[in-house]
Q: 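Before we start, here is the structure in question, set down as structure tokens.
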Protein chains: 2
Amino acid sequence: MTRRHEQIAEALREAIADGRHPVGGALPSEAELAERHGVSRGTVRQAVSALQAEGMIGSRQGARRVVLSTAPSQSFAELRSFAQWARAGGHTPGGRVLESVRCAARVEEAALLQLAPQSQVLRVLRVRTLDGEPVLLERTVYAGWIADAVQRLPDDCESVTQSLYDDTGLVFAHGEHHIDAVAAGTVDSQRLGVRRGSPLLRVRRTTTTPEGRPVESSDDRYRPGSVVFTVRNSTQANPLARLGRD
Amino acid sequence: MTRRHEQIAEALREAIADGRHPVGGALPSEAELAERHGVSRGTVRQAVSALQAEGMIGSRQGARRVVLSTAPSQSFAELRSFAQWARAGGHTPGGRVLESVRCAARVEEAALLQLAPQSQVLRVLRVRTLDGEPVLLERTVYAGWIADAVQRLPDDCESVTQSLYDDTGLVFAHGEHHIDAVAAGTVDSQRLGVRRGSPLLRVRRTTTTPEGRPVESSDDRYRPGSVVFTVRNSTQANPLARLGRD
DNA sequence: TAGTGGTCTAGACCACATT
DNA sequence: ATGTGGTCTAGACCACTAT
């Protein structure tokens with residue numbers, strides 16, 4: 001990365017991670033960082049605002065910035081992609097397509113994907129495994145214009161996100177996630193190996209391209225104990241979300 | 001708000017909310033906004049980066065910014081405070097303290113609150129209602145230094161956050177939330193009026209002051225159907241979280 | 001090729017926290 | 001009183017998108 005502000009942000013993340021700036025301690029002033037890195041104050045502010053958005057530091061006018069956490073928050077990619085998240089945590093992702101059918105979109109699906117009513121969509125049921133164990137059941141609806149590319153993927157495709165990018169250049173850029181809890185239904189219990197009625201963490205998400213065009217909408221159900229969703233937030237900065245192992 | 005960048009951000013939020021910039025459409029260029037508002041480009045960039053952090057718009061180098069969503073995301077305050085969230089959604093919050101005991105911190109509690117082992121803490125069990133219905137059971141551990149102020153609050157205190165601020169000037173500034181699903185235990189089922197073993201959405205959170213000093217740590221269990229957690233995120237911008245009614 | 005957003009500079013002034 | 005972060009300006013150059 002040649003961008004100066006990214007370099008400075010990375011240097012600060014490392015300094016925080018290895019304890020040179022302990023939790024509860026203060027960061028150097030903007031002026032000092034600017035001089036040390038030979039950049040203007042604006043560039044330093046760009047760097048620290050990234051850490052602030054990640055929830056690692058907090059700041060108040062008039063006082064030095066404070067270290068809040070040593071853990072760097074994870075990226076959108078890791079929130080979006082099961083495979084990328086799994087690998088980031090040192091686990092082995094796997095998966096298998098159980099069903100894949102084309103049909104007309106239901107009313108609410110067409111609305112979520114911003115499609116005309118009755119448009120063709122692709123409905124996929126997929127189980128995902130972590131180190132061989134099933135932990136997630138995905139019911140995904142893909143917009144018709146990407147359906148062919150999705151169906152060309154192998155049934156045990158490890159990373160759908162990566163494969164779609166490689167094959168078609170498609171980038172997932174934005175997502176909205178609704179999280180709640182539901183009782184396992186018959187299909188859920190069979191596929192995830194839990195009792196019917198036992199609690200599952202449900203994430204309903206819709207993902208779009210950089211231009212804001214919806215690509216997919218999914219109902220994902222996680223086996224409890226396997227996955228925790230973490231959100232860090234702040235009055236001042238922008239919160240950040242990540243998916244983590246319990 | 002006298003800050004120019006906030007004014008511009010608010011003007012853009014309104015323009016998006018009332019459809020002058022529809023979802024999928026483009027925003028005016030930075031240069032145009034700068035001229036229109038009589039400010040420099042830097043101030044415009046500050047304004048749009050706020051909307052970006054809220055997930056309302058996306059941007060790509062070389063192309064105009066795109067509107068992703070009309071819904072303004074909610075603030076940290078609403079994520080943190082049940083009462084503030086409820087009122088923001090047009091509901092009436094209520095609640096009652098069921099138990100309140102002082103005791104020595106457990107090992108993991110002391111660690112979460114950054115206290116010495118065996119420090120005094122205050123353990124509170126509180127049920128929260130929305131329009132009279134119980135929807136949330138909170139098991140909160142407060143650090144000893146704030147325990148007196150918490151115990152002085154009335155049992156049916158509507159907003160603990162607001163009252164603590166009024167009484168002691170305490171501000172909650174940062175939070176970390178871990179979300180998963182659990183089966184209702186005996187206490188949960190009695191207090192929330194659900195069957196034992198039925199799914200609950202659990203949020204374990206720790207909140208700190210602006211200086212990063214932990215104040216409280218809580219295990220919150222939501223009755224399903226009453227509450228959904230929403231996270232919006234992006235490759236480029238910073239994700240944002242909010243709590244919303246189903 | 002023209003327009004747009006991303007990066008960076010070098011200043012200025014203000015509000016707030018600390019001492 | 002001094003230092004610090006928050007706001008704002010007026011420029012410059014570059015990388016990328018669109019046409």
Side-chain angles (χ1 to χ4, degrees), chain A residues 1-12 21 24-53 56-68 169 171 173-174 209-213 234-238, chain B residues 1-12 21 24-53 56-68 169 171 173-174 209-213 234-238:
Chain A
M1 189 68 65
T2 64
R3 279 116 85 202
R4 308 288 282 116
H5 72 90
E6 270 293 352
Q7 294 174 5
I8 296 165
E10 194 48 40
L12 286 172
H21 300 304
L27 246 51
S29 71
E30 294 179 359
E32 193 182 328
L33 288 170
E35 199 198 9
R36 190 186 300 174
H37 290 92
V39 298
S40 75
R41 210 185 132 203
T43 304
V44 168
R45 285 181 63 79
Q46 218 175 332
V48 294
S49 72
L51 300 217
Q52 219 153 305
M56 287 186 76
I57 63 176
S59 75
R60 312 133 59 202
Q61 193 170 46
R64 289 220 176 165
R65 291 186 170 80
V66 172
V67 178
L68 296 172
V171 175
H174 309 284
T209 65
E211 299 85 34
R213 193 179 188 195
S234 214
T235 44
Q236 49 203 223
N238 315 298
Chain B
M1 190 68 64
T2 65
R3 279 114 88 200
R4 308 287 283 117
H5 71 90
E6 271 294 351
Q7 293 174 5
I8 296 166
E10 194 48 39
L12 286 171
H21 301 304
L27 246 52
S29 71
E30 294 179 359
E32 194 182 328
L33 289 170
E35 199 198 8
R36 190 187 301 174
H37 290 92
V39 298
S40 75
R41 211 186 132 204
T43 303
V44 168
R45 286 181 62 80
Q46 217 175 332
V48 294
S49 73
L51 300 216
Q52 218 154 306
M56 287 186 77
I57 63 176
S59 75
R60 311 131 61 202
Q61 193 170 42
R64 289 218 177 166
R65 290 186 171 79
V66 172
V67 178
L68 296 172
V171 174
H174 309 283
T209 65
E211 299 84 34
R213 192 179 187 194
S234 214
T235 44
Q236 50 204 222
N238 315 298

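Proteins come first, then strands; the chains are lettered A, B, ... in the order of their sequence lines, and each starts at number 1. The figures here come from the full heavy-atom set of this structure, side chains too, leaving out hydrogens, waters and symmetry mates.
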Q: Tell me which nucleotide among C:dC8, C:dG5, D:dT9 gets nearest to the side chain of B:Arg45.
A: C:dG5

Q: A:Glu6 CD to C:dC8 C1': how many Å, rounded?
A: 14 Å

Q: Indicate yes or no: at least one non-hydrogen side-chain atom of B:Leu33 is less than 4.5 angstrom from one of B:Arg36.
A: yes

Q: Check the distance between C:dA10's P and A:Glu30's CD and give it to me in whole angstrom.
A: 16 Å

Q: OP1 or OP2 of C:dG6 versus the side-chain N and O atoms of B:Ser59: is any pair under 4.0 Å?
A: yes

Q: Starting at the 5' end of DNA chain C and moving along, which residue's nearest nucleotide shows up first, A:Ser40 or B:Ala63?
A: B:Ala63

Q: How long is the line joining CZ of B:Arg64 and P of C:dA2, in whole Å?
A: 17 Å

Q: Between A:Val39 and B:Gly62, which has a closest nucleotide on DNA chain C that is more 5'?
A: B:Gly62

Q: Through what angle, rounded to 10 degrees, does the axis of the helix from C:dT1-D:dA18 to C:dT18-D:dA1 turn between its ends, using five pairs per end?
A: 20°

Q: Got a donor-acceptor contact below 3.5 angstrom from the A:Arg60 side chain to the A:Val66 backbone?
A: no

Q: A:Glu32 CD to D:dT4 C1': how many Å, rounded?
A: 12 Å

Q: Report the distance from atom OG1 of A:Thr43 to atom NE2 of A:His37, rounding to the nearest 0.5 Å.
A: 11.0 Å

Q: Within a radius of less than 6.0 Å around CD of B:Glu32, do more than 12 heavy atoms belonging to other residues, nucleotides or ligands occur?
A: yes

Q: In whole Å, what is the span from the NE2 atom of B:His37 to the C1' atom of D:dC8?
A: 15 Å

Q: Considering only side-chain heavy atoms of B:Thr43, which listed nucleotide, C:dC8, D:dT4, D:dC8, is closest?
A: D:dC8

Q: Establish, with yes or no, whether the OP1 or OP2 oxygen of D:dT9 is under 4.0 angstrom from a side-chain nitrogen or oxygen of B:Arg41.
A: no

Q: For the pair A:Arg65 and A:Gln52, evaluate side chain to side chain contact (heavy atoms under 4.5 Å, CB included) and give the outcome as yes or no after the intermediate values.
A: CA-CA 9 Å; A:Arg65 291 186 170 80; A:Gln52 219 153 305; 3.4 Å; yes

Q: Can you tell me how far apart CZ (A:Arg41) and CD (A:Glu35) are? Round to the nearest 0.5 Å.
A: 14.5 Å

Q: Identify the residue among A:Val67, A:Leu68, A:Leu12 that makes a side-chain contact (heavy atoms from CB on, under 4.5 Å) with A:Leu51.
A: A:Leu12

Q: Mind checking A:Arg65 for me? I need base, sugar-phosphate or nothing, with any heavy atom below 4.0 Å counting as a touch.
A: sugar-phosphate

Q: What is the separation between atom NE2 on A:His5 and atom C1' on C:dG5, rounded to the nearest whole Å?
A: 13 Å

Q: Would you say B:Arg4 places a side-chain N or O within less than 4.0 Å of OP1 or OP2 belonging to D:dC8?
A: no

Q: Check the distance between C:dT4's C1' and B:Arg60's CZ and give it to me in whole angstrom.
A: 11 Å

Q: May I ask you to evaluate whether B:Arg3 reaches the phosphate of C:dC14, defined as a side-chain N or O under 4.0 Å from OP1 or OP2?
A: no

Q: What nucleotide, of D:dC8, C:dG5, C:dC13, holds the atom closest to the side chain of B:Gln61?
A: C:dG5

Q: How close or far is atom P of C:dG5 from atom CD of A:Gln46, stated in whole angstroms?
A: 16 Å

Q: Report the C-alpha separation of B:Ile8 and B:His5 in whole Å, then their side-chain angles, then the decisive distance to 0.1 Å, and conclude whether the side chain to side chain contact (heavy atoms under 4.5 Å, CB included) test is met.
A: CA-CA 5 Å; B:Ile8 296 166; B:His5 71 90; 5.5 Å; no

